[in-house]
Peer 1: 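Have a look at this one before I ask anything.
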Amino acid sequence: MLPTRMSTMFLRTLRDDPADAEVPSHRLLVRAGYVRRVAPGIYTLLPLGVKIVERVATIIREEMNAIGSQEVLFPALLPAAPYQQTGRWDEYGDLLMRLKDRRGNDYLLAPTHEEMFTLLVKGEYASYRDYPVMLYQVQTKYRDEARPRSGIMRGREFVMKDSYSFDLDDAGQQHSYDLHRQAYIKTFERLGIDYRIVAAISGAMGGSQSEEFLAPTPVGEDTFVTCSNCDYAANVEAVEVRVEQPDPDATHPPMRNLHTPDSPGIGALVETLNRDHGMDTDASKLLKNILFKVDAKPVMVLVPGDREIDEERLASAVAPGEVTAFDEADFAARPDFVKGYVSALGMQEAGVIVLADPRVAPNSNWVTGANEYEHHVVDAVVGRDFVVDRYVSVATIADGDPCPRCGSPMHLDRAVEVGHIFQLGRKYADAFGLDALGADGKPIRITMGSYGIGVTRAVAVIAEQTHDELGLRWPASVAPFQVHIVAAGKADHIAAALQLADELEAAGVSVLVDDRTTAQAGVKFKDAELLGMPTIVVVGRGLVEGKVELRNRLTGERNDVLLTEIVALLGSS
RNA sequence: CGGGAAGUAGCGCAGUUGGUAGCGCACCUGCUUUGGGAGCAGGAGGUCGGGGGUUCGAGUCCCCCUUUCCCGACCA
């Protein structure tokens, strides 16, 4: 290969931060000339951007191929029919990029390709002898996000590696899942991404076991918990709740009704109880009762008073029911619900379904509303005084909550999801009737797994996790070039730099050489730091002694090295 | 979809009581400089987001539209 010259490379670096970029990776990728915005969430890759995306994709491909997955490539533009068949044409809603062809037929720009992979395998394979099989692609995906942000970290168009496994039985599926899990571990190690594997919910994809590969960063959009003691880690959406089960035989005093004027909220109620009734209580011992409508029917949700209800978790708990708020008009229509003083007491008789957080355990006692204006009850016992119809984990998770495994405090952190592996089960095989003919002549329903890595997102994540105040700092495994040679000054420096560049390329080292005559040394140093290649070689005033300066972009370390030794030094590394 | 902010040169920004648009970076020419985002001089580059209105005159005032950014909701 020939070295790439800065004098002719299509690149313009910016001295000022772009006004629309907030997170560091976005600012730097724009300033350093890797990407340019075209429309919200839609970016052009410039030559450096193309290179780094390719290098990341290559590592992913190598690890996919290593577990025997085979690469295919579907169109991004697809007919609507397969997605209508699985219901996702409607389920995806506004997130789906839809379009029509000249005849008015519906098409979409694919957000993910489960349907197509299932249909492809169904079309080609019919015998149990053909299985198992794993296929993947590196493809551009489209999702019309309500609010794209953070540059290529969360675009409306993005590159994703998605793979799918097809197995005859659950044991095979588990094996395929484990293969991908190992491949992902190797992949993220090689990419130099700091990641955690956490328990996840499978969301709109359906399926059972599901884990996410999260890259911790303050700009992350996901929140996850890690245990301070054991290795439990989970997305907050998927945290199991540890509950100290009360003694089922314990007896409680009879329920009492107290006058609690002007105490509609949890905070006000704690104050009133402690002041007027000589109690020493806190919000965690009070019950927060919130009414919702699920498909227009009233549902009451109970959580401890120090918790909020995570409406997203509630929505997934009652899916496919539609959750809406119980508003003023609803209260007006139900005078038996005393706003501010509602409780689960007698709700079943009122036609209300009562859902509760697991902390509202059987035989636990609580302070709750009395369904009577300005009155609350104390020692309301679950199972004795009121009934929970169903337990759902819908309370928000807080920093310091106990680990479900060992009970130690858990920490909350922010992260970006860079990979997701999960077992789809037979959802798509059922939708399309994907069967293999078994040895006994009977059809076997295929079970599937789905595994994704955000390729362009991984680039942003690496930038986010590795940059410093001077610019990008790519790990050698993904850097667009291994070595950035800066010709600091005169014509003889440039000549020597170009010759060194040729020698390094001949030794198999990719080189970017700054041979510009139009830029001063200071500009070249700044650009080299901004662009972020792992090794910078300065050909400058040391040249008269046959020396060049070797700089490590990651550590900042600098050494003078004989020009004659450079190739051996860098070629071997 | 709710709340906030903003659209003026490729990028970052200024523009007073309304008087016909400017600064920095980048770009072009020349000279000087030459290892930490150089200096001087001279240039090129703008339907001021769009439409309508008020006015002798609108980047500036009024109305409508539109786009973008940020926070939230949403989001394999």
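Proteins get letters first, then strands, A, B, ... in listed order; numbering begins at 1 in each.
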Peer 1: Choosing from B:U34, B:G37, B:A38, which nucleotide comes nearest the side chain of A:Thr13?
Peer 2: B:G37
Peer 1: Taking the side chain as C-beta and beyond, is there a heavy-atom pair between A:Trp89 and A:Asp106 under 4.5 Å?
Peer 2: yes
Peer 1: Starting at OH of A:Tyr451 and ending at C1' of B:A76, how long is that distance when rounded to a whole Å?
Peer 2: 14 Å
Peer 1: Looking only at side-chain atoms of A:Asp527, point me to the closest of B:G37, B:C27, B:U68.
Peer 2: B:G37
Peer 1: Which listed nucleotide (B:A76, B:G12, B:G35) is nearest to the side chain of A:Asp162?
Peer 2: B:A76
Peer 1: How is A:Arg31 classified with respect to the nucleic acid when contacts are heavy atoms under 4.0 Å: base, sugar-phosphate, or nothing?
Peer 2: base
Peer 1: Quick one: the side chain of A:Arg558 and the base of B:G36, do they pair up donor-acceptor inside 3.5 Å?
Peer 2: yes
Peer 1: So, are A:Lys288 and A:Glu308 salt-bridged, with charged N and O less than 4.0 Å apart?
Peer 2: yes
Peer 1: Which part of the nucleic acid, if any, lies within reach of A:Gly33 when heavy atoms closer than 4.0 Å are counted: base, sugar-phosphate only, or nothing?
Peer 2: nothing
Peer 1: For the NZ atom of A:Lys524 and the CG atom of A:Leu531, what is their distance to the nearest 0.5 Å?
Peer 2: 13.0 Å
Peer 1: What interatomic distance, in whole Å, is found between C1' of B:C28 and the corresponding atom of B:U67?
Peer 2: 33 Å
Peer 1: Check every strand shown and say whether A:Val538 touches a base, only sugar-phosphate, or nothing at a heavy-atom separation below 4.0 Å.
Peer 2: base
Peer 1: At a cut-off of 3.5 Å, list every protein nitrogen or oxygen paired with a nitrogen or oxygen from nucleotides 71-75 of chain B, distance to 0.1 Å.
Peer 2:
residue, atom, partner, partner atom, Å
B:C71, OP2, A:Arg147, NH1, 3.0
B:C71, OP2, A:Arg147, NH2, 2.5
B:C74, N4, A:Arg149, NH2, 3.4
B:C75, O2, A:Arg154, NH1, 3.3
B:C75, O2, A:Arg154, NH2, 2.8

Peer 1: With a 3.5 Å cut-off and no angle check, do the side chains of A:Tyr451 and A:Ser165 form a donor-acceptor pair?
Peer 2: yes
Peer 1: Of all the choices, B:G37, B:U68, B:A76, which nucleotide is nearest to the side chain of A:Pro40 once you look at every atom?
Peer 2: B:U68
Peer 1: If you only use heavy atoms from C-beta on, which nucleotide in B:G36, B:G35, B:C27 is closest to the side chain of A:Glu549?
Peer 2: B:G35
Peer 1: Given side chains that start at C-beta, do those of A:Phe117 and A:Val72 come closer than 4.5 Å, heavy atoms only?
Peer 2: yes
Peer 1: Under a 3.5 Å cut-off for both contacts, is B:U47 paired Watson-Crick or G-U wobble with anything, and if yes, with which nucleotide?
Peer 2: none
Peer 1: Heavy atoms under 4.0 Å, any strand shown: does A:Arg516 hit a base, just sugar-phosphate, or nothing?
Peer 2: nothing
Peer 1: Can you see if the side chain of A:Arg541 gets near the phosphate of B:U34 - specifically, an N or O under 4.0 Å from OP1 or OP2?
Peer 2: no
Peer 1: For a quick check, tell me whether the side chain of A:Asp17 and the base of B:G12 share a donor-acceptor pair closer than 3.5 Å.
Peer 2: no
Peer 1: Suppose we call a contact any N or O donor and acceptor under 3.5 Å apart; does that hold for the side chain of A:Glu529 and the base of B:G36?
Peer 2: yes
Peer 1: Counting C-beta onward and ignoring hydrogens, is there a side-chain heavy-atom pair between A:Val513 and A:Leu498 closer than 4.5 Å?
Peer 2: yes
